[in-house]
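Have a look at this one before I ask anything.
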Amino acid sequence: MAFIVKNDGFVCDYCGAVNPPGVGTCRNHCFKCLCSQHVDNTSPGDRASTCHGKMIPVSVLSGSRKSDYVLLHVCEKCGKEMKNRVLPDDDFEAILAISQKHIYG
Ligand SMILES: [Zn+2]
Ligand SMILES: [Zn+2]
């Protein structure tokens, strides 16, 4: 059981990290490796995708506010891109590592 979009914790399928429930929002990616799973089709939480591929964080985009950062995930199976808000307890080192590769915005 993983990647439940309800505001529950989950165990990451990819790195095994135990993710606590999101703070004030739905957690849909692992706080540690930042990977997600392709379960949503058009909007976050719709659970309409049957792909279930691994969503890899490829870049960090700055959001509308200075404090907002958005992870760009790409599905390694079908190539779909999804944007996910960075949560306050996401691993900052992991985000930095991605942002040093690519930063847009
Ligand atoms: Zn993980
Ligand atoms: Zn996919």
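It should be emphasised that the depicted structure is a prediction, and the values quoted were computed from it without experimental measurement. In listed order, ligands and their atoms are each counted from 1.
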Revision key, fill the gap. What one should report as the nearest heavy-atom pair of Tyr69 and Ser62 is CD2-CA, 3.9 Å
Point to revise | Check: His29 and His73 side chains under 4.5 Å, non-hydrogen atoms | key: yes
**Study point:** Ile56 CD1 to Ser36 OG distance, which is reported to the nearest 0.5 Å
**Key:** 11.0 Å
Check your understanding: So what's near the Zn ion (ligand 2), protein N, O or S atoms under 2.8 Å?
Key -> His38 ND1, Cys51 SG, Cys75 SG, Cys78 SG
Exercise for review: Please tell me if the side chains of Leu71 and Val60 come closer than 4.5 Å, counting only heavy atoms from C-beta onward.
Suggested key: yes
Point to revise | Heavy-atom neighbours of Lys32 NZ exceed 12 at 6.0 Å | key: no
Exercise for review: Taking all heavy atoms of Arg47 and all of Asp40, pick out the closest pair and write down the distance.
Suggested key: N-OD1, 3.0 Å
Review point. Under 4.5 Å between side-chain heavy atoms, hopping through other hydrophobics if needed: is there a path connecting Phe31 to Val18?
Key: no
Check your understanding: Can you get from Ile98 to Met55 by hopping between Ile, Leu, Val, Met, Phe, Trp and Tyr side chains that sit under 4.5 Å apart?
Key -> no
Check your understanding: Does the Lys80 side chain pair with the main chain of His38, one donor and one acceptor, at a distance under 3.5 Å?
Key -> no
Check your understanding: Which N, O or S atoms belonging to the protein are less than 2.8 Å from the Zn ion (ligand 1)?
Key -> Cys12 SG, Cys15 SG, Cys30 SG, Cys33 SG
